[in-house]
> 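Pasting a structure below so you can have a look.
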Number of protein chains: 2
Amino acid sequence: MSTIEDVAKLAGLSRTTVSRVLNDHPYVSDEKKKLVQQAMKHLGYVPNSAARSLRNQKTGIIAVLIPKISTPFFSQLIERLEMAASVKNYQLIICQTQFSKHKERSYLDLLKTKQVDGVIMTSCENDWSVIDEHLNYGPIVLCNEILEDGNIPMIYMDQFCSGYEVAKHLLEQGHSRIAYCSNGSQSIGMKARKRGFEAALAEAGHPFDDEFYFQHLSSITDGKQVFQQIKGLTNPPTAIFTGGDSVAAGLISEAKKHGWNIPVDLAVVGFDNMEITELMDPMITTVIQPVEEMAQKAIEVICEKIHKKQYRSYERHEFSSKLAIRESTMIKPRLVATS
Amino acid sequence: MSTIEDVAKLAGLSRTTVSRVLNDHPYVSDEKKKLVQQAMKHLGYVPNSAARSLRNQKTGIIAVLIPKISTPFFSQLIERLEMAASVKNYQLIICQTQFSKHKERSYLDLLKTKQVDGVIMTSCENDWSVIDEHLNYGPIVLCNEILEDGNIPMIYMDQFCSGYEVAKHLLEQGHSRIAYCSNGSQSIGMKARKRGFEAALAEAGHPFDDEFYFQHLSSITDGKQVFQQIKGLTNPPTAIFTGGDSVAAGLISEAKKHGWNIPVDLAVVGFDNMEITELMDPMITTVIQPVEEMAQKAIEVICEKIHKKQYRSYERHEFSSKLAIRESTMIKPRLVATS
DNA sequence: GTGAAAGCGCTAACAG
DNA sequence: CTGTTAGCGCTTTCAC
């Protein structure tokens, strides 16, 4: 492995000059520049990044903290983050926290060891004080998460608005008995979603009924179970916002097995716009998150922070969801059955 | 940010001793050891990883080259790779090649710049010569890919066997007119899968019919289109191996819309065991890949290579798939319809 | 057991 | 425009 010294010798110049060529500095004569470039090519020289990191005090690496990579939403987010980072010549280290406080903290320590220039958190298990302490070592930005009072950039979707729009849509379809599911998270975003949902109902004069509030649902199985609960009600809801596509799909699949007609007997709305939503019969009405925009903003913001070396600042970047209205909430005129 | 020097001063000792404590070297008196540890705690000292990398000539980072992160199979693979790497205290840099030869090569260069200790490729667009050249700088292992004649470790699934088992299962269900779909890849693995499929058919005395060979299918839309083709055939197949769950799901969804009964009119087998396979009605028979085992082996092998500093070696690690038999290929006695 | 000193490969003052 | 020099933070001979 050749070093800058080797290149310098071969070109008959000093390390400095080679370094200048390497970093596109001005004040190098074209003649010597060419000499250096030839020597580099000849030796197959590539600068050593550890040495550069040590000298420059930056690595060109950003850590992304993710609870679980294979979750469709998160894998899409990583994909977009990677694409945006790649444009700016940053590498991404992927850290799976598995919702563990401890793991999360140990990954934040990558800032202290200077293994990364910044951290993007897509969820946050620890208290603000933990984040705050790490801010002495580098920038942290939240993408897809909110933390009250934190003076760091936060990039997120307007959940109040998502909840509001879903409810509005269902109300417009003539529903008034509408169920709501949460995944159990008590995050600010989740609370906002519920508030938005309730607000629309209240406006329409159909205050939210706690009997229709189902909690801790996130999987397909959960969706199946929630159907069983609904089936058991004497006066069941006519529509449901499941808060997740897996739940919606599980619920629909189970409901169909029991002869229910979706959306006639029960209108269903999911969340995330996963692939299944277009595969199920009926296709599922769902909320589309602005993944690409959030990812791009997150990279943009963290790069700026790294550059400015100013890690604390109150910044909110809010994006809007879109509602994809599909068959699971739209009652169509029936086709005449051929017998 | 405090350095080893600061710790040494505070403890009234030399950098060497501090370093020894840091690296658990023997020959440090317990007394001084404690002194050092106190000083480290007091200063909140954490070793700088760039300096360590430079000095030790290793980074503790592995690059994973992936065509597209959000593909369910790949996101599962990344998840498992991350978990296995984390156990060995390695970080993973995720590089999305997007099937680009050029990007792939530039990521392989991370080995030259010493930004990573090794590379795991989950697909390979470049020729062997490109790989070979980079082997001068660090280990490369293939996980989920085969390259003829390459003298590097390759971890993969026995595709011949997968294809064989699928065909066998369909034959046992009484089918003889069985269609086969490929995603267009001409990789060794894909060829093996097809050979396995054909072998089973040949054994049963039902040689493969090229009329039933559909190519370049990978998406839901492709699945829908292939159904249209099948519907147009005068003498259509009674079973089909779609080579992918998305294709299978798209096909089934379209077939149902046209009143076909799956599996009675057409038995369908997917590939990958994605979530949808259990959500569709009927649930889809599919091939389960040994993702976890392959990921663990890949990490194990690359760590060993890094350790031994011997990058070239002919190694094959083959794993087996499992067939998950579900409703899309099993004709059940019909339930009596209540009218 | 412990410390002094050299050096991993690179960049940025500072001179000239 | 170019070179000399110091040093980023760490580990490791080699002495003592």
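Numbered from 1 within each chain, the chains take letters A, B, ... in sequence-line order. Quantities reported herein were computed from a predicted structural model and do not represent experimental measurements.
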> Write down the distance between NZ (A/K58) and P (C/dG9), rounded to a whole number of angstrom.
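Atom NZ in A/K58 sits about 21 Å away from atom P in C/dG9.
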
> Which residue lies toward the 5' end of DNA chain C, B/L54 or B/L13, if each is placed at its nearest nucleotide?
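Its nucleotide being nearer the 5' end, the pick is B/L13.
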
> Checking contacts here: which listed nucleotide (D/dT2, C/dT11, D/dT11) is nearest the side-chain heavy atoms of B/N56?
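Shortest atom-to-atom distance from the side chain points to D/dT11.
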
> May I have the distance from B/Q57 (atom CD) to D/dG9 (atom P), rounded to whole angstrom?
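Between P of D/dG9 and CD of B/Q57: 19 Å.
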
> Identify which nucleotide among D/dT11, D/dG3, C/dT2 has an atom closest to any side-chain atom of A/R20, counting heavy atoms from C-beta outward.
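That would be D/dG3.
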
> Quickly work out the A/Y27 OH to C/dT11 P distance and round it to whole Å.
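Rounded to whole Å, this separation is 19 Å.
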
> Tell me: CD1 of B/I4 to P of C/dA5, nearest whole Å?
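B/I4 atom CD1 is separated from C/dA5 atom P by 17 Å.
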
> Distance check needed: D/dG7 C1' versus B/R15 CZ, whole Å only.
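One finds 11 Å between C1' of D/dG7 and CZ of B/R15, rounded.
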
> In this structure, how many angstroms lie between the P atom of D/dG3 and the NZ atom of A/K9, rounded?
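After rounding, the reported distance stands at 15 Å.
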
> For A/T17 and D/dC1, is the shortest distance between a side-chain N/O and OP1 or OP2 below 4.0 Å?
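No, because none of the side-chain N or O atoms of A/T17 sits under 4.0 Å from OP1 or OP2 of D/dC1.
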
> Please give, in whole Å, the distance from C/dG9 C1' to A/M40 CE?
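These atoms are roughly 15 Å apart.
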
> Considering every strand and a 4.0 Å limit on heavy-atom distances, what is the contact class for A/P47: base, sugar-phosphate, or nothing?
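Sugar-phosphate, no base atom in range.
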
> Would you say the base of C/dG9 and the side-chain of B/R55 have a donor-acceptor pair closer than 3.5 Å?
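Counting by modelled atom types and ignoring angles, no donor-acceptor contact under 3.5 Å is found here.
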
> Does the side chain to side chain donor-acceptor pair (under 3.5 Å) test come out yes or no for B/H317 and B/E315, once each step is laid out?
CA-CA 7 Å; B/H317 303 275; B/E315 277 182 49; 2.9 Å; yes

> Look at the side-chain N and O atoms of A/N48 and state whether any lies under 4.0 Å from the OP1 or OP2 oxygen of C/dC8.
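Checking A/N48 against C/dC8: no side-chain N or O falls below 4.0 Å of OP1 or OP2.
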
> Is there a donor N/O on one and an acceptor N/O on the other, under 3.5 Å, for the side chain of A/S19 and the base of C/dA12?
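Under the 3.5 Å cut-off, the side chain and the base do not form any donor-acceptor pair.
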
